[in-house]
There are 2 protein chains.
Amino acid sequence: MPVNIKTENKCQHPIVAVDMTIFTVQENTLQVLLIQMKKKPFQGKWALPGGLVKINETLDEAAKRILAEETNVRNVYLEQLYSFSDLNRDPHQRVISVAYFALINAQGIKLKTIPKYADVQWFSIKKVPSDLAYDHKKILKYALTRLKSKLEYTNIVYGLLPKKFTLSQLQKIYEVILNRKLDKRNFRKKILFLDLLKPTSSFQKGKHRPARLYEFKKRKPMFVEIL
Amino acid sequence: MPVNIKTENKCQHPIVAVDMTIFTVQENTLQVLLIQMKKKPFQGKWALPGGLVKINETLDEAAKRILAEETNVRNVYLEQLYSFSDLNRDPHQRVISVAYFALINAQGIKLKTIPKYADVQWFSIKKVPSDLAYDHKKILKYALTRLKSKLEYTNIVYGLLPKKFTLSQLQKIYEVILNRKLDKRNFRKKILFLDLLKPTSSFQKGKHRPARLYEFKKRKPMFVEIL
DNA sequence: TCAAAAGTGTTCGTTGTACACCCATGC
DNA sequence: GCATGGGTGTACAACGAACACTTTTGA
């Protein structure tokens, strides 16, 4: 009995990919990493970086691998979001995508331009092309919602910050992501009361009065009511 | 060139299943639906109902199909939880499982005993065997956590209730799931203030003073701070 | 008339929110 | 000495938590 290899390769089951929504905050804006596609049917379109899950790796491992392909960074905050499975989300074959989001501190990160993609770039969240490939617009929207809500009840913001930072930098990140102004005194009162931070003896030099630098006591995800 | 059908069938990619954590509240306890496995390597063990995702169905559709296989019920509250992907979670083949949870009102639901499984039964959450098949213990734990937290900020409890119910029944469900006593006056004040319920003109007869029956204004998931 | 669940308000402590001025530095 | 961001406390409103008694019914 002849076997249709093509069909068998596509297999009778959906295959699984991971798509990464990689966030950073730079220049006082929330940014997301997009890649530009080389091949049809999405040639020239921008998309979230992603890839198929290999037979011998977990989803988390696949997500870390894909993250490393574009950025070099390791030990970043990584979280599984949701699995997207519309039948026609990929016109080429039946792919179920497990979406992840990552938070990275883009200071000193060099993006790799790899042959797989035409280009790799940070996009301000307000300037993301509205015609992303696949269902990536939907995924990005989902990721943004999750990011906003997790900022309010966890400490994951550490993922966006360098080791030492000022309280103003920290507050600015909250403001940029939540898209609203926060009261300086209330913000400081709350965040210091939570006992997540420890003051260092260093100060950030600048044009004005130097600001004390703080660091997180623990860079591990924790649940805490921040806002 | 000969093709190894077995290998091709297993395909070089992980395959995708859906596992369902189906909750109900009966006799003042939170219960979960388990099936008993017929085949090795988990013969005789209890597990969450589940099944492979077909090439032409979405994850939500697969979840609904599997739910219907055991229970007949439709239009229940259904939510995707998380995707589990440990390499050895299924000793037989590489399967990634997308976990869902469902809330159903078990009043008047007949469980189907189907040939696929040795048995189907409700288990009180406190009496679930600790050696569930696969990684289902982990999935169940995850589902329970999610259920508890979503009770606090959504109205999904409607999924566990009949159309009309008393405030005491409603409160009891919260108490059973959250595993703590609630203050009757505070609970009523809060839940009525939220304006999710409307009083009906019916009362529940019993041995004692009849209780007014209420119903949800909308049986759609909504975000609201309940507790 | 008794037992059992239904139903109903007030007080108090905690938490969140609004708000304005002095300080340290570089230029 | 002035412009700029750093740093601090208090007063009021809103919300959550604790708490006890009366009502209605069936037996």
Side-chain angles (χ1 to χ4, degrees), chain A residues 25 27-29 148-149 151-155 157 161-162 164-176 178-215 223-227, chain B residues 25 27-29 148-149 151-155 157 161-162 164-176 178-215 223-227:
Chain A
V25 173
E27 296 157 19
N28 288 339
T29 55
K148 285 182 184 179
S149 71
L151 270 200
E152 309 222 356
Y153 65 91
T154 71
N155 66 342
V157 68
L161 285 160
K164 298 183 178 185
F165 51 86
T166 69
L167 295 181
S168 296
Q169 280 176 277
L170 178 60
Q171 180 177 339
K172 193 72 197 173
I173 288 184
Y174 274 91
E175 291 180 340
V176 159
L178 300 177
N179 204 25
R180 66 176 205 261
K181 277 270 170 212
L182 299 175
D183 179 89
K184 185 164 55 162
R185 280 173 290 193
N186 293 337
F187 180 80
R188 288 172 183 230
K189 200 191 313 168
K190 191 65 187 280
I191 207 85
L192 292 175
F193 173 76
L194 288 173
D195 204 35
L196 301 170
L197 305 181
K198 59 178 174 217
T200 71
S201 51
S202 333
F203 289 81
Q204 189 178 67
K205 296 270 175 182
K207 295 172 198 165
H208 313 298
R209 173 173 174 178
R212 182 179 291 275
L213 293 166
Y214 289 79
E215 56 188 30
F223 290 82
V224 205
E225 291 295 334
I226 293 189
L227 296 185
Chain B
V25 172
E27 295 157 19
N28 288 340
T29 55
K148 285 181 184 179
S149 71
L151 269 200
E152 309 222 354
Y153 66 90
T154 71
N155 65 342
V157 67
L161 285 159
K164 296 183 180 186
F165 51 88
T166 69
L167 295 182
S168 295
Q169 281 176 276
L170 178 59
Q171 180 177 341
K172 194 72 198 172
I173 288 184
Y174 274 90
E175 290 180 341
V176 159
L178 300 178
N179 203 25
R180 66 175 204 260
K181 278 269 171 213
L182 299 175
D183 179 88
K184 184 163 58 160
R185 280 173 291 191
N186 292 337
F187 181 79
R188 288 172 183 229
K189 200 193 311 171
K190 191 64 188 279
I191 207 85
L192 292 174
F193 173 76
L194 288 173
D195 203 34
L196 300 171
L197 305 181
K198 58 179 177 216
T200 71
S201 51
S202 332
F203 288 81
Q204 188 179 66
K205 294 270 176 183
K207 294 172 196 164
H208 313 297
R209 174 172 175 178
R212 182 178 292 275
L213 293 167
Y214 289 78
E215 57 188 28
F223 290 81
V224 206
E225 291 296 333
I226 293 187
L227 295 183

Covered region of DNA chain C, 5' end to 3' end, by chain A [heavy atoms, under 4.0 Å]
C:dG16 to C:dG26

To the nearest Å, give me how far apart [atom1] ([X]) and [atom2] ([N]) are.
X        : N      : atom1 : atom2 : answer
B:Leu182 : D:dC19 : CG    : C1'   : 15 Å
B:Glu152 : D:dG16 : CD    : C1'   : 13 Å
B:Phe203 : D:dT25 : CZ    : C1'   : 12 Å
B:Lys184 : D:dT22 : NZ    : P     : 14 Å
B:Phe193 : D:dA14 : CZ    : P     : 11 Å
A:Phe187 : D:dT8  : CZ    : C1'   : 16 Å
A:Ile191 : D:dG6  : CD1   : C1'   : 17 Å
A:Glu225 : D:dC15 : CD    : C1'   : 14 Å

Take A:Arg188 and B:Arg209, find for each the nucleotide of DNA chain D with the closest heavy atom, and name the residue whose nucleotide sits nearer the 5' end.
A:Arg188

Between B:Gly206 and A:Asn186, which has a closest nucleotide on DNA chain D that is more 5'?
A:Asn186

Would the distance check show the side chain of [X] and the main-chain N or O of [Y] forming a donor-acceptor pair, the cut-off being under 3.5 Å?
X        : Y        : value
B:Glu175 : B:Lys181 : no
B:Thr166 : B:Ala211 : no
B:Gln171 : B:Leu182 : yes

Remember a base hit wins even if backbone is also touched, and classify A:Arg212 as base, sugar-phosphate or nothing at under 4.0 Å, heavy atoms.
sugar-phosphate

Base, sugar-phosphate or nothing for A:Lys205? Non-hydrogen atoms, less than 4.0 Å.
nothing

Check: D:dA17 base within 3.5 Å donor-acceptor of B:Arg185 side chain:
no

On a plain distance test, is the side chain of A:His208 in donor-acceptor contact with the base of D:dT4 below 3.5 Å?
yes

Nearest heavy atoms of A:Glu152 and A:Arg180, plus distance in Å
OE2-NH1, 3.7 Å

Which heavy-atom pair separates B:Thr200 from B:Arg212 by the least distance, and what is that distance?
O-NH1, 2.7 Å

Against the side chain of A:Lys189, the closest entry in D:dG5, D:dT10, D:dC19 is D:dT10

Check whether any side-chain N or O of A:Ser168 sits under 4.0 Å from OP1 or OP2 of D:dG6, and answer yes or no.
yes

Closest nucleotide of DNA chain C for A:Lys207 versus for A:Lys190: which of these residues is on the 5' side?
A:Lys190

Is the shortest heavy-atom distance from the side chain of B:Arg185 to the side chain of B:Lys189 under 4.5 Å?
no

Indicate, with yes or no, if the rings of A:Phe165 and A:Tyr214 have centres closer together than 6.0 Å.
no

